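Working notes, structure below.
For ligands, and for the atoms within them, numbers begin at 1 and follow the listed sequence. Computation of the quantities below employed the complete heavy-atom set of this structure, encompassing side-chain atoms and omitting hydrogens, waters and symmetry-equivalent molecules. Every value quoted in this text rests on a predicted model; they were computed, and no experiment measured them.
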Amino acid sequence: MPLSLHVKRNNPTMIKAILFDMDGVLYDSMPSHAQAWYETMSAAGINAPAAEYYLYEGRTGRSTIEMLFNRDLGRAATEEEIKRLYTQKSKRFEALEYPESKPMPGAWEVLEKVKALGLQRIIVTGSGQKTLFDKIEQYYPGFFNRELMVTAFDVTKGKPDPEPYLMGLKKGNVRADEALVIENAPLGIESGKAAGIFTIAVNTGPLPDKLLWESGADAVYPSMLALAENIEALIRNSITFPKIRT
Ligand code: MG
């Protein structure tokens, strides 16, 4: 059964793999990340509201800390500060997020459809939690393979650099035009697009759709549930050309 998709070219292409971002796509974990950043960085004298941290999703923790120190304190963060603040933020995140993580509504339905179509599922995340795959197996058993994951341990440059998604393609042994990316964050969308991949945005947070379009998204859906309703048609019927506005 051929699956075809027009991705800004004239010839239909076989889609073989879907590359999934994790936070904000598979887990509804961004409120905890934003809150943990806000509490940690406010105590260090940074003047950013919690919602601002949604803009930095996908950056490495180091680069977020360095950028905010330069901006608000007018100086570079020391190595000690970077390590201490990132550790604090991670601990606070875990306290907010555990013992129960919240799976993103609709993510299961998207995964079931993608699996039924026989497409590979690959995770591409900037997260560096050591227990990440165990948690994936707990919440999404049988959908993912430990070998088909790109995490903070695999890359030197985080999103928006194309490296994470390029590595996802390599691990899945697929070309850019044989894959789709599902992302929620502006920097993640930039990363997917920089890797040359058709990138679907799901707006699961507080940012305006406009920001996701401006980051280069090829389609924007209001939720994973909305994407679940459309993903088979999206893959089968080449309806992604021209851009979809929902
Ligand atoms: Mg995300």
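- Other residues, nucleotides and ligands contribute only 12 or fewer heavy atoms inside 6.0 Å of the CG atom of N173.
- For a distance bound of 2.8 Å, the N, O or S atoms of D23 include one lying that close to the Mg ion (ligand 1).
- Partner K159 forms a side-chain hydrogen bond (donor to acceptor under 3.5 Å, both in side chains) with one of E183, E190, E57 and no other, that one being E183.
- Cation-pi geometry between K89 and Y53 is not satisfied (NZ or CZ under 6.0 Å from the ring centre, within 45° of the ring normal).
- Between the Mg ion (ligand 1) and N184 there is an N/O/S contact shorter than 2.8 Å.
- Aromatic rings from W108 and Y139 are positioned such that their centres are separated by 6.0 Å or more.
- The atom name of the N/O/S atom in D21 closest to the Mg ion (ligand 1) is OD2.
- When the Mg ion (ligand 1) is compared with the N/O/S atoms of E57, atom OE2 turns out nearest.
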